[in-house]
Amino acid sequence: MLALVKKQTKVLMPNKITKVSKDLWIGAEEDGYTPSFINTIKRRGHGFSTGFGTSHIMEDVLNPPAKSIPMQDDAQYNVAFYLYSAGTHGDFIDMRVNSVHNRQTLTRAAQFLLLPMFLFLYFILRLGRDDVPWLYLGPVELGLVVCMLLMCFIDVCRPLRTPVRFHHKNQEVYVFHKKALYRIPWKECEIATMFAPHHVGYGAFSDAYNLNLWLYPQHCVNNQARSQPVALNLLMSVSGHSETYSYWEFVRRFMSEGPTGISFANQPQAFVYKIPHANWSLKARIIGWILAPVFYCLLPFISPSQFATRFNPIKDQWPDVVHQWSGKTVKQH
């Protein structure tokens, strides 16, 4: 399992974009693939702004037509099931959007910005003065604690958006985004990896990439779409671009080859970390049961996304017509 999720602990990469011309950039090679980013502003409209403003949208277009990305082994694209899938159901798969599986920004800000400030202030006051009790929190300290808890609470408790449903049998993609319902033929479904300079990465020490699914007004079936195309962010990666291609390749193989194209075609329940695990030995499970309360108390601070997808009851729901299109009613995600 650790081998499958190794992508989450990659070493930070410096900026490695090579600018061949103003409309052609070459990314760094990762896992045997070197992406070429072209300026697609003419096909995206002017409603989306990047770090370049509205003059450039640099993308490696993946669909249409569906581009096959070479993978060194199956573990590279199978990791997408563990990290990003909301469940697979034979004829279709549900894939989470970035706001669901990557909800840690506020929690990390609390941990790496506010917590050091709190600890510095707490110890400076008590080590430098004799009249400040160790068990007393002043107004500023208490304010920092409240802010940290509030930021973590927002990360785990904001609503879970509906996943994107990729239907192999129908060769369609279903999206419910900000009250707009889209029914997109696969051959018209615009998906691309975008170089995202508006994300600074780790202090601008690494390139950032978005895997976007573009939503066009002509595919909206309930007249709630905007006049300009909308970029639905499926995945943002600040540790290189390979994660976006793993996500894409999992989707592409399913839509091209069907359930036989992926290893987890009938797994209705999304993967979650469990302590104890059913496959552990009896001794390990006993230890797991003892440590489980500690694990679940720390989980919202370790992985807000895992905690939210498991325990957050506030979830957007598919319109009933999507279940009719899908041929099966699947509400959990």
Side-chain angles (χ1 to χ4, degrees), residues 1 3-10 13 27-28 30-35 37 59-89 92-104 160-168 173-175 177 184 186 189-196 199 201 206-215 231-259 261-265 267 270-271 303 305-306 309 333:
M1 185 63 65
L4 291 174
V5 298
K6 65 181 179 179
K7 297 292 185 181
Q8 296 297 291
T9 57
K10 293 182 67 175
M13 292 177 53
E30 289 183 43
D31 298 325
Y33 180 69
T34 303
F37 298 92
E59 293 183 309
D60 181 11
V61 179
L62 302 174
N63 197 64
K67 178 189 290 187
S68 176
I69 304 299
M71 296 278 125
Q72 295 179 345
D73 55 66
D74 287 348
Q76 284 184 262
Y77 81 91
N78 282 340
V79 72
F81 169 78
Y82 291 103
L83 298 179
Y84 314 124
S85 174
T88 58
H89 308 277
F92 60 87
I93 60 176
D94 288 342
M95 300 296 290
R96 291 187 173 122
V97 296
N98 186 72
S99 66
V100 173
H101 62 72
N102 189 19
R103 50 175 59 210
Q104 60 183 1
L160 301 179
R161 303 307 178 190
T162 52
V164 176
R165 179 162 294 177
F166 295 91
H167 204 297
H168 167 73
V173 180
Y174 309 133
V175 180
H177 178 66
I184 311 170
W186 175 243
C189 185
E190 300 264 357
I191 300 178
T193 290
M194 180 185 73
F195 178 64
H199 296 301
S206 67
D207 295 329
Y209 302 87
N210 283 2
L211 180 65
N212 291 333
L213 190 160
W214 288 89
L215 305 174
L232 177 61
N233 189 358
L234 302 178
L235 170 66
M236 183 189 75
S237 174
V238 294
S239 58
H241 54 68
S242 62
E243 287 90 346
T244 66
Y245 294 109
S246 296
Y247 189 121
W248 158 249
E249 190 61 16
F250 185 79
V251 170
R252 186 203 65 79
R253 293 190 185 193
F254 177 77
M255 292 301 288
S256 299
E257 305 172 29
I262 60 176
S263 302
F264 306 96
Q267 298 286 336
F271 172 78
S303 178
S305 302
Q306 275 282 321
T309 54
H333 59 86

Please report the interatomic distance [atom1]([X]) to [atom2]([Y]), rounded to the nearest 0.5 Å.
X    : Y    : atom1 : atom2 : answer
T193 : L211 : OG1   : CG    : 5.0 Å
T309 : R103 : OG1   : CZ    : 8.5 Å
Y174 : H167 : OH    : NE2   : 5.0 Å
N210 : L235 : CG    : CG    : 8.0 Å
E257 : R252 : CD    : CZ    : 6.0 Å
R96  : T162 : CZ    : OG1   : 12.0 Å

Item to complete: Determine, step by step, whether S256 and H168 satisfy the side-chain contact (heavy atoms from CB on, under 4.5 Å) criterion, reporting the C-alpha distance in whole Å, the side-chain angles of both residues, the deciding distance to 0.1 Å, and the verdict.
Response: CA-CA 7 Å; S256 299; H168 167 73; over 6 Å; no
Practice prompt. Take I69 and W248 through the test side-chain contact (heavy atoms from CB on, under 4.5 Å) and record every step on the way to the result.
Written response: CA-CA 8 Å; I69 304 299; W248 158 249; 3.7 Å; yes
Practice prompt. Output, in order, the C-alpha distance, side-chain angles, deciding distance and verdict of side-chain contact (heavy atoms from CB on, under 4.5 Å) for L232 and N212.
Written response: CA-CA 5 Å; L232 177 61; N212 291 333; over 6 Å; no
Worksheet item: Do the side chains of Y247 and M95 get nearer than 4.5 Å, heavy atoms only?
Response: yes
Discussion item. With a 4.5 Å cut-off on side-chain heavy atoms, are H89 and D94 touching?
Written reply: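 Yes, at least one pair of side-chain atoms sits under 4.5 Å.
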Worksheet entry | Passing option when L213 is tested against V97, I191, N233, V251 for side-chain contact (heavy atoms from CB on, under 4.5 Å) | I191
Worksheet item: Is the side chain of H177 donor-acceptor paired with the backbone N or O of L215 at a distance under 3.5 Å, no angle test?
Response: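 No: the side chain of H177 does not pair with the backbone of L215.
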Worksheet item: Does N98 use its side chain to pair, donor to acceptor, with the backbone of M236 at less than 3.5 Å?
Response: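 Present.
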Worksheet entry | W214 and E59 side chains, donor-acceptor separation under 3.5 Å |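 There is such a pair (donor and acceptor under 3.5 Å, judged by atom type) between the side chains of E59 and W214.
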Discussion item. Regarding T244 and S237, do their side chains bring together a donor and an acceptor under 3.5 Å, going by distance alone?
Written reply: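 No, no side-chain donor-acceptor pair sits under 3.5 Å.
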Worksheet item: For F81 and F254, what are the C-alpha separation, side-chain angles and deciding distance, and is it a ring-ring contact (aromatic ring centres under 6.0 Å, His included)?
Response: CA-CA 12 Å; F81 169 78; F254 177 77; over 10 Å; no
Fill in: From CA spacing to verdict: side-chain contact (heavy atoms from CB on, under 4.5 Å), E30, H241
CA-CA 7 Å; E30 289 183 43; H241 54 68; 3.5 Å; yes
Discussion item. Side chain to side chain donor-acceptor pair (under 3.5 Å), that's the test. Do Y33 and D60 meet it? Break it down for me.
Written reply: CA-CA 12 Å; Y33 180 69; D60 181 11; 2.7 Å; yes
For the student: nearest non-hydrogen atoms of [X] and [Y], plus distance:
X    : Y    : value
N63  : C189 : ND2-O, 2.7 Å
S246 : A80  : O-CB, 3.8 Å
V238 : A208 : CG1-CB, 4.0 Å
P35  : Y245 : CB-OH, 3.2 Å

Item to complete: Describe, in one word, how the ring planes of F166 and W186 are oriented to each other, choosing from parallel (under 30°), tilted (30 to 60°) and perpendicular (over 60°).
Response: perpendicular
